[in-house]
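Only a predicted model underlies this, so the values are computations on that prediction, with no experimental measurement involved.
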Amino acid sequence: MVQTGNVTEFIFLGLSHNLKIQRICFILFLFLYVSIVLGNSLIVLIVNFSKNLDSPMYFLLSHFSFVEICYSSTTSPKLIVDLLAERKSISLEGCLTQVFFIHLFGGIEMFVLIIMAYDRYLAICKPLHYTSIMNPWICSLLVGTAWLGGFLHSTAQILLIFNLPFCDSNVIDHYFCDVLPLLELACTDTFFIGLRIVANGGSLTVVSFIILLSSYSVILFHLRGHSKEGRRKALSTCASHITVVVLFFGPCVFIYLRPNTTCYMDKMVAIFYTVITPLLNPVIYSLRNAEVKNAMRKLWVRMVKQGMGDP
């Protein structure tokens with residue numbers, strides 16, 4: 001059982017107390033969230049319906065886009081509703097549920113990005129063994145492992161705060177529930193719990209980031225021996241991956257490097273990794289990838305023809 005003390009719900013302070021700014025933010029974030037869902041759904045749709053995008057790289061990209069939708073959906077709908085609500089509240093159970101799914105999908109994203117880097121390493125550095133290693137069964141197994149890893153990470157985080165007592169303040173100076181803001185409200189000594197939370201989430205973030213940077217460094221070094229055209233195509237693909245990695249991990253590393261401080265900047269950083277990064281994901285991959293753009297064009301033409309009744 002959760003040791004709640006006398007707290008059964010939490011109150012969010014949100015992004016701003018100014019009603020005019022809240023209304024503007026409501027329109028802005030509603031537009032951004034719809035764009036996230038539509039953009040990433042388009043990537044999933046294109047990959048699954050295009051015969052030219054049946055490689056492991058696009059299978060992983062499709063799965064990554066799906067997880068991006070889930071990840072953003074853990075915070076954005078609540079944020080949008082609260083921007084018009086006079087009282088921004090969430091139950092204790094709802095708060096813990098939000099924490100669980102934030103870290104579940106965030107962890108899955110980290111592991112999928114590592115798998116995508118491994119896929120590019122095999123394709124560029126071990127091309128003769130690529131098709132035998134990255135077969136459909138192995139791809140499915142790797143994605144399943146990513147979900148398991150995300151689940152274990154999220155479970156470890158939630159267990160650390162599950163029995164914390166909340167007795168006094170129930171006001172969270174944020175727009176969603178997370179482990180670090182909750183630690184500040186607990187009416188007990190949370191020093192060692194905070195260390196374990198940072199050790200779990202922070203180490204996973206930093207180690208994953210180092211692995212990814214090292215992997216792409218090896219890939220870029222190996223590209224020196226490729227032809228000019230081969231380098232250009234590989235660099236275009238890797239540039240998209242590296243951009244997404246930096247956009248995703250940069251804010252996460254920032255949060256865990258300064259775990260005992262909350263300020264307005266924390267909210268802006270959180271908006272970046274919960275809203276902006278999922279929004280940019282389909283833009284980055286579609287604009288920098290000729291195959292995705294061609295598949296998008298063909299899908300659009302097919303839909304137009306079907307709409308006009310052409311066979």
Side-chain angles (χ1 to χ4, degrees), residues 36-74 100-158 204-205 207-212 214-216 218-219 233-234 237-238 240-245 248-249 252 277-278 281-282 284-286 288-289 291-292 294-296 298-299:
I36 289 169
V37 174
L38 292 179
N40 284 285
S41 296
L42 183 61
I43 294 289
V44 175
L45 186 68
I46 289 171
V47 171
N48 283 278
F49 283 89
S50 176
K51 297 179 181 178
N52 298 325
L53 303 180
D54 58 351
S55 68
M57 180 180 74
Y58 294 113
F59 169 76
L60 295 172
L61 173 59
S62 171
H63 194 81
F64 183 73
S65 295
F66 170 74
V67 176
E68 286 274 45
I69 296 172
C70 298
Y71 182 58
S72 182
S73 296
T74 60
F100 177 81
F101 283 106
I102 286 172
H103 287 273
L104 171 66
F105 294 120
I108 293 170
E109 282 196 21
M110 292 184 191
F111 291 119
V112 171
L113 284 171
I114 292 174
I115 296 170
M116 292 172 78
Y118 177 65
D119 171 77
R120 288 301 84 204
Y121 166 77
L122 290 176
I124 294 171
C125 303
K126 308 285 184 180
L128 297 179
H129 303 283
Y130 178 69
T131 54
S132 60
I133 297 176
M134 293 299 289
N135 58 62
W137 188 85
I138 292 295
C139 288
S140 299
L141 179 63
L142 289 173
V143 168
T145 303
W147 276 82
L148 177 60
F151 176 79
L152 293 176
H153 161 67
S154 184
T155 300
Q157 293 288 77
I158 204 69
L204 174 63
T205 302
V207 170
S208 298
F209 191 42
I210 292 174
I211 291 174
L212 285 164
S214 302
S215 300
Y216 285 113
V218 171
I219 292 172
K233 186 175 181 180
T237 303
C238 288
S240 300
H241 289 292
I242 294 171
T243 302
V244 171
V245 166
F248 180 80
F249 280 93
C252 294
T277 301
N281 173 51
I284 292 170
Y285 282 114
S286 61
R288 296 192 63 90
N289 193 302
E291 290 180 322
V292 172
N294 290 334
M296 195 178 298
K298 290 179 181 178
L299 180 63

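Of all the heavy atoms in L212 and A117, the pair that sits closest is CD2-CB, 3.6 Å. Counting all heavy atoms, side chain and backbone alike, V47 lies closest to F59 at CG1-N, 4.3 Å.
For the atom pair I102 CD1 and S73 OG, the distance stands at 11.5 Å (nearest 0.5 Å). Between the CG atom of L113 and the CD1 atom of I242 there is a distance of 12.0 Å, given to the nearest 0.5 Å. Rounded to the nearest 0.5 angstrom, H103 NE2 and H153 NE2 are separated by 5.5 Å.
Side-chain contact between Y118 and I133 is present, with at least one heavy-atom pair separated by less than 4.5 Å. Contact annotation: the side chain of W147 approaches that of H63 to within less than 4.5 Å [non-hydrogen atoms, C-beta and beyond]. Side chains of M110 and F248 form a contact here, defined as non-hydrogen atoms less than 4.5 Å apart. The shortest side-chain heavy-atom distance between L104 and I108 falls under the 4.5 Å cut-off.
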Checklist line | Verdict with reasoning, V44 to N40, per side-chain contact (heavy atoms from CB on, under 4.5 Å) | finding: CA-CA 6 Å; V44 175; N40 284 285; 5.7 Å; no
Check: When you look at S208 and I114, which way does the side-chain contact (heavy atoms from CB on, under 4.5 Å) test go after all the steps?
Finding: CA-CA 7 Å; S208 298; I114 292 174; 3.8 Å; yes
Can you give me every donor-acceptor pair (side chain of residues 64-71, partner residue at least two apart or in another chain, under 3.5 Å) with its distance?
{"residue": "S65", "atom": "OG", "partner": "L61", "partner atom": "O", "Å": "3.1"}
{"residue": "S65", "atom": "OG", "partner": "N281", "partner atom": "ND2", "Å": "3.3"}

Extract all donor-acceptor atom pairs below 3.5 Å that involve side chains of residues 139-146 and protein atoms in other chains or at least two apart in sequence.
{"residue": "S140", "atom": "OG", "partner": "P136", "partner atom": "O", "Å": "3.0"}
{"residue": "T145", "atom": "OG1", "partner": "L141", "partner atom": "O", "Å": "2.8"}

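F209 is linked by a ring pair (Phe, Tyr, Trp, His ring centres under 6.0 Å) to F249, counting only residues two or more places apart in sequence or in another chain. In terms of the side-chain hydrogen bond (donor to acceptor under 3.5 Å, both in side chains) criterion, T277 has no residue partners (sequence neighbours excluded). In this structure S62 satisfies the side-chain hydrogen bond (donor to acceptor under 3.5 Å, both in side chains) test together with N48, sequence neighbours excluded. Remark: S214 engages I210 in a side chain to side chain contact (heavy atoms under 4.5 Å, CB included) (not counting sequence neighbours). Residues that satisfy the side chain to side chain contact (heavy atoms under 4.5 Å, CB included) test with D54, not counting sequence neighbours, are absent from this structure. Every residue was checked against the side-chain hydrogen bond (donor to acceptor under 3.5 Å, both in side chains) condition with S154, not counting sequence neighbours, and none meets it. With sequence neighbours left out, L148 forms a side chain to side chain contact (heavy atoms under 4.5 Å, CB included) with L152.
Judged as a side chain to side chain donor-acceptor pair (under 3.5 Å), the pairs with a partner in residues 120-139 (not counting sequence neighbours) are, in order, D119-Y130.
Ring pair Y216/H241 is parallel by interplanar angle, where below 30° counts as parallel and above 60° as perpendicular.
Other residues, nucleotides and ligands contribute at most 12 non-hydrogen atoms within 6.0 Å of the CZ atom of F151.
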